[in-house]
Amino acid sequence: MRSSPGFNMFLFLSLAFALLSLGSGQITQTVFDDYYDSMATTECLAEPGSLMYGGGVILNPEFIHGTSAWTVFGQGATELRISHTNNRFMVARNRKRPSDSFSQKVQLEKGMFYAFSAWVQVSQGSETVSVAFRTRDGEFVRGGSVVAKQGCWSLLKGGIAANSSSPADVLFESKNISTEIWVDNVALQPFSKQQWRNHQEESIEKVRKSTVRFQITSVNERGLGVGGANVLIKQTKQGFPFGCGMNFHILESADYQNWFASRFRYTTFTNAMKWYSTEAKQGQENYTIADAMLKFAQDNNISIRGHNIFWDNQKYQPDWVKTLAPDDLRKAAEKRINSVVSRYAGKLIAWDVVNENLHFSFFEDNLGENASSMYYSMAYKLDPTPRMFLNEYNTIEYSGEEKASPGNYKKRLQEIFSYPGNEDIPAGIGVQGHFGTGQPNLAYMRSSLDILATTGVPIWLTEVFVDPGANQAQNLEEVLREAYSHPGVEGIIMFAGPVYAGYNSMALADKNFNNTLAGDVVDKLIQEWRSKDLEARADEEGFLGTTLLHGEYEISITDPISNSSSTSRFEVTRDSFRKIYHFHI
Ligand SMILES: *[C@@H]1O[C@H](CO)[C@@H](O)[C@H](O)[C@H]1NC(C)=O
Ligand SMILES: *[C@@H]1O[C@H](CO)[C@@H](O)[C@H](O)[C@H]1NC(C)=O
Ligand SMILES: *[C@@H]1O[C@H](CO)[C@@H](O)[C@H](O)[C@H]1NC(C)=O
Ligand SMILES: *[C@@H]1O[C@H](CO)[C@@H](O)[C@H](O)[C@H]1NC(C)=O
Ligand SMILES: *[C@@H]1O[C@H](CO)[C@@H](O)[C@H](O)[C@H]1NC(C)=O
Ligand SMILES: *[C@@H]1O[C@H](CO)[C@@H](O)[C@H](O)[C@H]1NC(C)=O
Ligand SMILES: *[C@@H]1O[C@H](CO)[C@@H](O)[C@H](O)[C@H]1NC(C)=O
């Protein structure tokens, strides 16, 4: 950090929030967005970005007091350096092992979330730098990583959820020991579960609801206004897509059909559209099941995410594909994409085009580095309406992930959508959301979503699943709430269902279609994320103001004098803020 105080973004934002909470929410919304951006840039900056949370529990976070409060971790050496712009930062050099760096001891408290951030640089090239917490029993818990570069500062943003109370050394790691690790402006901010939840609620108010006004007019003996008109506002469709995967068992069971259609308006077929399902033997395409599932969905107004055209994992190719020579693979893959995308053109809201292409590279290995980019291009030409998604695991759920870290995800997204001709394709960020049995690391989940959200590309959680365990239902609820409250998230699909259909590990309903605990959570959230019917009265001028969840509505208006009434429809979206809806009866 520079020795001169300079511009403190955090203070500025706190002040801006305080002032704006007195004034117009329109401006609050803008500042809120800036707030997320300023906390999550993936740009590499000439000077380190600002310190967050005043450093939180980190002492001497800006190295203004030299190396005070920091110690050498492992072997190697550390030193304080001062840049030509008079900025002080810490350097780890002569490293012998990846974790050789410097550390500071903090006390972790069980049940707390810790948001972490620091600005990092490496002395040469570009290397992944991670933050780790070494607990009392010697375990290294990773809290996130970033690909840091030479010559500019990158933001390493992440966090952990503490399982137990323990002193821990906060330290930095990089596998390539021949580079120095440079660090500045380190922050670790603890939050209780209640504080975390409160922030979610504040965010939900801002990103899922809009304050709107209605003006009801009528040409009657009293002139224009309909003072005291009675209105009844009913939500006819929820604005936020919250759906569930389904499989072929839906075709066999009226109970499963009723269970599904009474809850969900969005789906993904978990396997039925995959290449190994539609062309298990070369040349023998069979869409019987996928077509029938599509018809069921269409008959019930359920929107479908197409999943998937290709899967970049060698293991999940149809058997006959695994051994094809490159030229034959190219031909077979072209036939596949043409076949499945033309068949469902105009009928889907999204396509997972090349599934898991950060973790795997079957098509790149066989057909060249631009294989996936070319398939996005072809899919778009065959079906220009659906959003074309990447779809990855571990990006938001696992703070030890390097391959599919949020920074690498963003880079891959940019590679694919800046490939010549792909610039106009509507892009989507799919994050699967397969969580383990432990406490979900919501601090890391939020920081990852913040980073992905800086692209401005809509984020969907596409396959939310929480491993079985004592707290499965509670963990599921925490994950779903975190996603719903994040401004960058535009939809959630779970990969779950009734035991009847084989969804045993995260069953939402038992064999009698009675809810499991996880099913109760889902039903509770469906209710919570839906507007209740609202009965109200317009004022003497015919005005009425209220705050509504986004979605489609029906309004019935009754003139209290003439008793004449009318019904209209309207929609509330993010853009409806302070909008005035005019109705005439
Ligand atoms: C480690 O970093 C040095 C310096 O940037 C570089 O020359 C070398 O190739 C890197 N090693 C690996 C394995 O990436
Ligand atoms: C939480 O507990 C699990 C299982 O013991 C462990 O693997 C994980 O690293 C722990 N995480 C934290 C942040 O302590
Ligand atoms: C296509 O799949 C359906 C459903 O599995 C099956 O009943 C049918 O026999 C298959 N058609 C052919 C030609 O194999
Ligand atoms: C589907 O939507 C259409 C148009 O909004 C509506 O007429 C129809 O009743 C809906 N069907 C079901 C099963 O909800
Ligand atoms: C892949 O695409 C990039 C960007 O258009 C191009 O520079 C590169 O040469 C391509 N690689 C191959 C093997 O065609
Ligand atoms: C579960 O479902 C069955 C069949 O619908 C019903 O008879 C039973 O009472 C239900 N059990 C519970 C605990 O609700
Ligand atoms: C309107 O309805 C109210 C209650 O149903 C009734 O008392 C009143 O007489 C009605 N007025 C007219 C003009 O029909």
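Order of appearance sets the numbers: ligands from 1, and atoms from 1 within every ligand. Heavy atoms only: backbone and side chains are in, while hydrogens, waters and symmetry mates are out.
- No hydrogens or angles considered: nothing links the side chains of Ser101 and Glu173 as a donor-acceptor pair under 3.5 Å.
- Using a 4.0 Å cut-off between charged side-chain N and carboxylate O, Glu392 and Arg412 make no salt bridge.
- Within 6.0 Å of the CD1 atom in Ile82, the count of heavy atoms belonging to other residues, nucleotides or ligands exceeds 12.
- Distances below 4.0 Å separate heavy atoms of Ser178 from the following atoms of ligand 1: 1 (C), 2 (O), 3 (C).
- Residue contacts with ligand 1 do not include Lys175, since none of its heavy atoms lies under 4.0 Å from the ligand.
- Checked against ring-ring contact (aromatic ring centres under 6.0 Å, His included), Tyr376 has the following partners two or more places apart in sequence or in another chain: Phe417.
- With no hydrogens or angles considered, a side-chain donor-acceptor pair links Tyr500 and Glu252 at under 3.5 Å.
- For ligand 5, the 4.0 Å heavy-atom shell contains residues Glu369, Asn370, Tyr419, Pro420.
- Using a cut-off of 4.0 Å between Lys/Arg side-chain N and Asp/Glu carboxylate O, Lys524 and Glu528 are scored as not salt-bridged.
- Taking distance alone, with nitrogen or oxygen atoms compared against 3.5 Å, Asn514 approaches ligand 6 more closely than that limit.
- Under the 3.5 Å distance criterion, with hydrogens and angles disregarded, no donor-acceptor pair is assigned to the side chains of Glu397 and His434.
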